[in-house]
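Whatever order the structure lists them in is the order used to number ligands and atoms, beginning at 1. Please read all numbers here as calculations on a predicted model, not as lab measurements.
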Amino acid sequence: DCYEGNGSSYRGITSETVSGKKCQMWSSQTPHQHQKRPEKFPEADLRRNLCRNPDGDQAPWCYTIDPKVRWEYCNLEKC
Ligand SMILES: O=S(=O)(Nc1cnn(C2CCNCC2)c1)c1cc(Cl)ccc1F
């Protein structure tokens with residue numbers, strides 16, 4: 001799967017990071033407490049644990065389920 005531009009409009013279903021970690025649910029605050037709550041960013045489609053780019057970074061990312069790694073870019077290529 002791939003993303004256009006900086007991936008802010010990516011709406012695919014990848015939920016794995018570049019290092020193979022699973023993404024944390026955006027609706028969850030564990031293992032990582034975070035500010036990217038789905039209800040606060042309705043336009044970002046922060047559904048389930050799907051890779052998204054809600055903060056204008058260079059590519060889609062997610063919080064990881066590894067307590068030692070807060071976030072990582074996702075296992076996606078630029079289209
Ligand atoms: O800790 S967070 O809840 N989430 C967070 C931390 N780093 N990131 C990176 C995600 C990828 N883009 C660069 C910031 C996101 C967080 C912290 C601050 Cl100071 C501001 C917004 C925010 F949400």
> NZ of Lys78 to CD of Glu4: how many Å apart, nearest 0.5 Å?
8.0 Å
> Please check if the side chain of Arg47 supplies one atom and the backbone of Trp26 the other of a donor-acceptor pair under 3.5 Å.
no
> Would a 4.0 Å cut-off, counted as strictly less than, catch a protein heavy atom around atom 3 (O) of ligand 1?
yes
> How far is atom 5 (C) of ligand 1 from its nearest protein heavy atom, and which residue and atom is that?
Tyr63 OH, 3.5 Å
> Run the salt-bridge test on Lys36 and Asp55 with the 4.0 Å N-O cut-off and return the result as yes or no.
no
> With rounding to the nearest 0.5 angstrom, report the NE2 to OH distance, His32 to Tyr63.
9.5 Å
> Name the option, out of Gln35, His34, Lys40, that contains the heavy atom nearest to atom 21 (C) of ligand 1.
Gln35
> Find all atoms of ligand 1 within a distance of less than 4.0 Å from any non-hydrogen atom belonging to Lys36, and give their numbers and elements.
23 (F)
> Counting heavy atoms only, which of Phe41, Trp71, Tyr73 is nearest atom 8 (N) of ligand 1?
Trp71
> To the nearest 0.5 Å, what is the distance between NZ on Lys22 and CD1 on Ile65?
8.0 Å
> Please list the nearest protein heavy atom to atom 14 (C) of ligand 1 with its residue and the distance rounded to 0.1 Å.
Asp55 OD2, 3.4 Å
> Check whether any side-chain N or O of Asp1 sits under 3.5 Å from a backbone N or O of Thr14 as a donor-acceptor pair, and report yes or no.
no
> Looking only at distances, please establish whether an N/O atom of ligand 1 is found under 3.5 Å from an N/O atom of Arg70.
yes
> Can an N or O of Gln33 be found at a distance shorter than 3.5 Å from an N or O of ligand 1?
no
> May I ask you to list the atoms of ligand 1 that are less than 4.0 angstrom from any heavy atom of Asp57?
11 (C), 12 (N), 13 (C)
> Indicate whether the side chain of Asp66 and that of Thr64 have a donor and an acceptor atom separated by less than 3.5 Å.
no
